[in-house]
2 protein chains.
Amino acid sequence: MPTSIREVARHAGVSIATVSHVINNTRYVKEETRKKVQDSIEQLGYCPNAIARSFKTGRHNLIAFITPDIANPFYSAMIEEVEAVISAKGYRLLICNTKEDAVKEADALRVLANGVVDGFIIASAFLSYDPIAKMLPANLPVIFVDRSLENNPCDTLLIDNYHALQKGIEYLIHQGHTHIAYITVKNQLSTVIERRAAYEDTMASHHLPTDDLVFIANPLSSLFSDNLAPLLREDITAIAVPNACLSTEVLTFLEEHGRIPGKDIEAIGYKESNQPQYINPSISLISQPAEALGRAAGHQLLERMSNPDLPTCRTILSATFIPKTDRHKI
Amino acid sequence: MPTSIREVARHAGVSIATVSHVINNTRYVKEETRKKVQDSIEQLGYCPNAIARSFKTGRHNLIAFITPDIANPFYSAMIEEVEAVISAKGYRLLICNTKEDAVKEADALRVLANGVVDGFIIASAFLSYDPIAKMLPANLPVIFVDRSLENNPCDTLLIDNYHALQKGIEYLIHQGHTHIAYITVKNQLSTVIERRAAYEDTMASHHLPTDDLVFIANPLSSLFSDNLAPLLREDITAIAVPNACLSTEVLTFLEEHGRIPGKDIEAIGYKESNQPQYINPSISLISQPAEALGRAAGHQLLERMSNPDLPTCRTILSATFIPKTDRHKI
DNA sequence: CAATATCATATAAACGTTTACCATAATCAT
DNA sequence: ATGATTATGGTAAACGTTTATATGATATTG
């Protein structure tokens, strides 16, 4: 049904080669001929078939960003920056939302990796590179971001989860807190593990026990409130969480139960994206450089595409701990 | 470089047809032969070229969602629902972020419309359908959402912006407010125009003047605070805004200048997405059915794809006005 | 004016698949 | 044993482009 280059050629009374050259400006065509061709294109409403073109040329100018959660401002901030970087070089960005589902991720990789996109930026739901390896053709440029995977030989850009939270916990300890609770989630993502390690290590290095202070909570579970109930214990005077989602959930829970964060109980939350006003202004925050990470990932991908022999890069961007007393500065 | 079906065929000592049939289960192949082929595929690490396949078959099982702002929870909520609906039917979703830039949108349409995707769902940055018409091949299923465009002959799913805000303004008026300010933005999007009309009509129908009560503000401008300054006027006792972004910006501005929303001044804000905790709990809200809109759009697109002759559909989903006194119900 | 250079366009192969059609071998019914 | 049927798999065309090569027309040169 869609008109092809052949029909345009016939209509204009020239060869398909000439039509192609007119469209792509890829060799000189006499003004008169060009005019004829352009008129025919206009009249027939011809649009080159992008698939056929990519198929033939092997180039597509398409990059895919695989995100585990499109609704998370951390990723949308990254996406915006990646897009800005690559679109300056003529690439377009496709976004795939996996909802933290490794199967969906595998699916997206399979469908896009062979012939559709020129490169990937992946915030993976997988814990190891091994299952991914099979579905990526050799030499397809891939950059991993935010989460580190076992056995991953590809360029990887991470955030220093450990030291930011370490600073945060030390801040609380220096303020005199000894019973600092930590809420975490059940999965084994590197970010989750690193943050929890930062909490436990820091507590331990100050000889503070954590045995009955770590709580696993799933905001989507109906047991969420039940699991959080111990937070209301009198001895707990401060609390930390490993991400922005839990931040808001836990803060809301505390408020609803009459413990005002920042007043009755100290807290460290996460701020993802540059929207500080969303978060209770009287708690301390950890701020992740989502934008910088996005830019770096975009640049690294372009580098990798233009030079496949580059040594593997591993970059760690530091996150910022913002004590509540500095909140006005952001 | 990537291995082709031909090499697999050679390696397995069969024809390419047989390989193709093994891969696609598209005709019977003797178990022994099938085994040989599968082994060869495994050994060579062969992956079918998705582009070549789509090119040949004309089917791709790909839908594109064009969003003006990936960071806006309203759209990410929609996206999640669209994805859920279409993925149940075997389609995958590509997301394109236009950043409210019609040029970027045109670009994305051009690149995806011819041969890449099987359908579009578009929240357009264009005000009219005319410039879009040229770049969409006839019969490509397209659903427009959220924003109405002039001259648009395609299926369109909208939200009833007018009546939700009308209810809100009437609520304020019934509470005795007479000087209700309205902040809006400069663009001509249908959503913006409809909401402003709702404000002005409702005020007028109660014989309340609006001459010096409408303010144009751009949150990204350095003049933002200047433009908002009149909001601090003593006579203004209530205020409404046309979207969630302005909601938070304006609420923050008011708080910073010592006028506590919900106490010193009444307000109607927008809540986009199911994250009520982000918004000051003591103001009234308008809640848009982003999820329902996403589901409806997904279904309509599937309908349209399976039956191109369906009469054009225009659906308007109502939004909910939530008086501050009902906030606990959400 | 012939020989050559340049300009403008056409012809056809190729990209990696899918699939309609054809071919052969094996099995079966008579 | 013959012909019909079934099982299995090969051949080649086609999808819509791009592009290397070929070709004819015109302009330029000595």
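Throughout, a chain's letter reflects where its sequence line sits, starting with A, and its residues are numbered from 1. Everything numeric here is computed off the predicted structure, so don't read it as measured data.
Taking the nucleotide of DNA chain D with the nearest heavy atom to each of A:Arg27 and A:Arg6, the more 5' of the two is matched to A:Arg6. Taking the nucleotide of DNA chain D with the nearest heavy atom to each of A:Thr18 and B:Val14, the more 5' of the two is matched to B:Val14.
Residues B:Leu310 and B:Arg304 meet the side-chain proximity criterion, which asks for heavy atoms closer than 4.5 Å. For the pair B:Asn24/B:Arg53, a side-chain contact is recorded, criterion being any heavy-atom separation below 4.5 Å from C-beta on. B:Leu293 has its side chain within reach of B:Phe74: a pair of non-hydrogen atoms, C-beta onward, lies under 4.5 Å apart. The shortest distance between side-chain heavy atoms of B:Phe65 and B:Met78 falls below 4.5 Å.
Looking at residues 42-57 of chain B, you'll see B:Phe55, B:Lys56 sit with a heavy atom under 4.0 Å from some atom of DNA chain D. A heavy-atom distance below 4.0 Å to DNA chain D is reached by these residues of residues 19-26 of chain A, ordered by number: A:Ser20, A:His21, A:Asn24.
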Please output the side-chain donor-acceptor pairs of residues 84-96 of chain A that fall under 3.5 Å, not counting sequence neighbours, one pair per line with the distance.
| unit_1 | atom_1 | unit_2 | atom_2 | d |
| --- | --- | --- | --- | --- |
| A:Ser87 | OG | A:Glu83 | O | 3.0 |
| A:Arg92 | NH1 | B:Asp107 | OD2 | 2.3 |

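For the atom pair CD of A:Glu100 and CG of A:Asn72, the computed distance is 9.0 Å after rounding to the nearest 0.5 Å.
Checked against side chain to side chain contact (heavy atoms under 4.5 Å, CB included), B:Lys134 has no partners two or more places apart in sequence or in another chain. Taking B:Glu31 as the reference, B:Arg34 meet the side chain to side chain contact (heavy atoms under 4.5 Å, CB included) condition, with sequence neighbours excluded. Among residues two or more places apart in sequence or in another chain, the side chain to side chain contact (heavy atoms under 4.5 Å, CB included) test is passed with B:Phe144 by B:Ile122, B:Ser124, B:Tyr129, B:Ile132, B:Val142, B:Leu149, B:Asn152, B:Cys154, B:Thr156.
One atom, CD1 of B:Ile5, and another, P of D:dA12, lie 17 Å apart when rounded to the nearest Å. C:dC15 atom C1' lies 15 Å from atom CG of A:Asn114, rounded to whole Å. Spacing between atom CZ of A:Arg10 and atom P of C:dA10 amounts to 14 Å, rounded to whole angstrom units.
Which of C:dA8, C:dT18, D:dT8 sits closest to the side chain of B:Ile16 comes down to C:dT18.
Note on A:Ser15: a side-chain N or O is less than 4.0 Å away from OP1 or OP2 of C:dA10. Note on B:Tyr28: a side-chain N or O is less than 4.0 Å away from OP1 or OP2 of D:dT8.
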